[in-house]
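Note sheet for the following structure.
Throughout, a chain's letter reflects where its sequence line sits, starting with A, and its residues are numbered from 1. In what follows, every heavy atom counts, from backbone to side chain, and hydrogens, waters and symmetry copies are set aside.
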Amino acid sequence: MRLIPKEIESLWTLFTAPTIWALHFLACYITAAVTCAKAGAVPFSFDTMRLALGLITLAALAGIVLSAVLAWRQWGFGSGDPPHDEPTRKDRLLFQGFATLLLSGLSFVAVLFVAMPLVFIGACQP
Amino acid sequence: MPARPCGPYRPSGTTARSTAIHRRALPLLLIPLSGCSGIQSALDPAGDEAAAIYTLFLVMVAGGALIWLAVVGLLLHAARRREAPWSEKTAGRLIAWGGVAFPVAVLLALLAYAVWLMPAIRPWLAHSAPAARPIEVTGEQFWWRIRYPAAEGMPAFETANELRLPVGARAVFALKAQDVIHSFWIPALGGKMDMIPGRTNTLSLLPTRAGVFRAPCAEFCGASHTLMAFSVVVMEPEDYAAWRRAQAGGNPATGSEGERLFAGHGCAGCHGIRGLTETASLGPDLTFFGQRQTVGAGTLANTAENVARFIRNPDKVKPGAKMPAFDMLPDGDIAAMADYLVGLK
């Protein structure tokens, strides 16, 4: 069963994980900045915001894991060894799959790092 | 031939000569160590926030040293000649664990530690405590205006270039700047915070040990930036309370010669002395000037000779100081005023 058409299993999937990382970064920073700047005016507490951003983080991590699984499949589940540098359609596909897998790993760690303050910071600085 | 303690240069001399060089180089090696204690050292903490930063420093240095040793060990191992080199699979596994998993885990742990430490270094929740009324500190070229708030029935008052705090009580500062960006930093008590014109930054510190500390301006602010510092005197609570009570009364007129000259030569046009002149606040307040550690905001020791030197030509002691030179006054007048100021205790 294919989750996505083979035709777009290409550069588009390559960008998925870094895009999720970027959106998660923006969501965390903008939400925290607006909540603290409008403290008292927003209808929810800081802890509610932490919880909401925590759920967004879980969703982002799930998206990245999905992207990694698809990339792993595209890479042939690690059947061939890199560098996949033959000028053939097969090697291009394997190379993209491998690159996507590595980018997914990087994005996963980056999202964890961005979300880290949610665990430790419990209030806005006045 | 002069001794050269640094660099790859090797004199072709005897062992005796190289021993002499080592002996001369030793004091140079000790210079960095002198930074580990004293009145202006973050490595000799006298406050909660400084202690947290010191622990962070130790963890970073120890962790960095361990990782450095491991990397150098691997380098030596890799450079060794051996019969059977590692298989590609084993090498790949080493790269995956040592080059990816280990750095990710270490960075994750360090980030978690640093973020967890943040509230201890900048305890902003303490600001909202109702009792915490901030001491206002304003950076000016090149001195510090300090305003204590009214407390326990005692009125607010202004002083300059010397901060006094009770040990064991949390102090909150409202940091401002008059002209350019300065930075407020008491290394023995905690981290630094910028003072920005048009903005009020809040910092909170908890001194835990009595003593006298030096606090330099930590943001380049002009010709005398390096001569802009203040003293911090952390006192036992009862001593602090006595000092705080005495501030309200100030230095009432005594009719001395120096006092008459101080008013007559127009010093009181810029400098206030509570009890004598109230209104002027263009320059540093001089009430109880004789109690202060330094003259010229941390520039010289507070002696009558140094005060006279400063009055005669402030720009020579402190380039760019706004106070004009008074070298046209007779030496006797300057000496009398210096004696008067040093006697304000």
Across all chains, not counting sequence neighbours, the side chain to side chain contact (heavy atoms under 4.5 Å, CB included) partners of A/Asp47 are A/Ser45, A/Arg50
Residues at least two apart in sequence or cross-chain that pass side chain to side chain contact (heavy atoms under 4.5 Å, CB included) with A/Pro18, listed by chain then number, are A/Leu103, A/Ser107
Contact list (residues 104-117 of chain B to chain A, heavy-atom gap under 4.5 Å, by number) returns B/Val104, B/Leu107, B/Leu108, B/Leu111, B/Ala112, B/Val115, B/Trp116
Can you confirm whether more than 12 heavy atoms, excluding those of B/Trp243, are under 6.0 Å from its CH2 atom? yes
Check your understanding: So does A/Phe120 have more than 12 non-hydrogen atoms from other groups sitting under 6.0 Å from CZ?
Key -> yes
Side-chain donor-acceptor distances from residues 48-74 of chain B under 3.5 Å, at least two apart:
residue	atom	partner	partner atom	Å
B/Glu49	OE1	B/Leu206	N	2.9
B/Glu49	OE2	B/Arg170	NH1	3.1
B/Glu49	OE2	B/Arg170	NH2	3.1
B/Thr55	OG1	B/Ala51	O	2.8

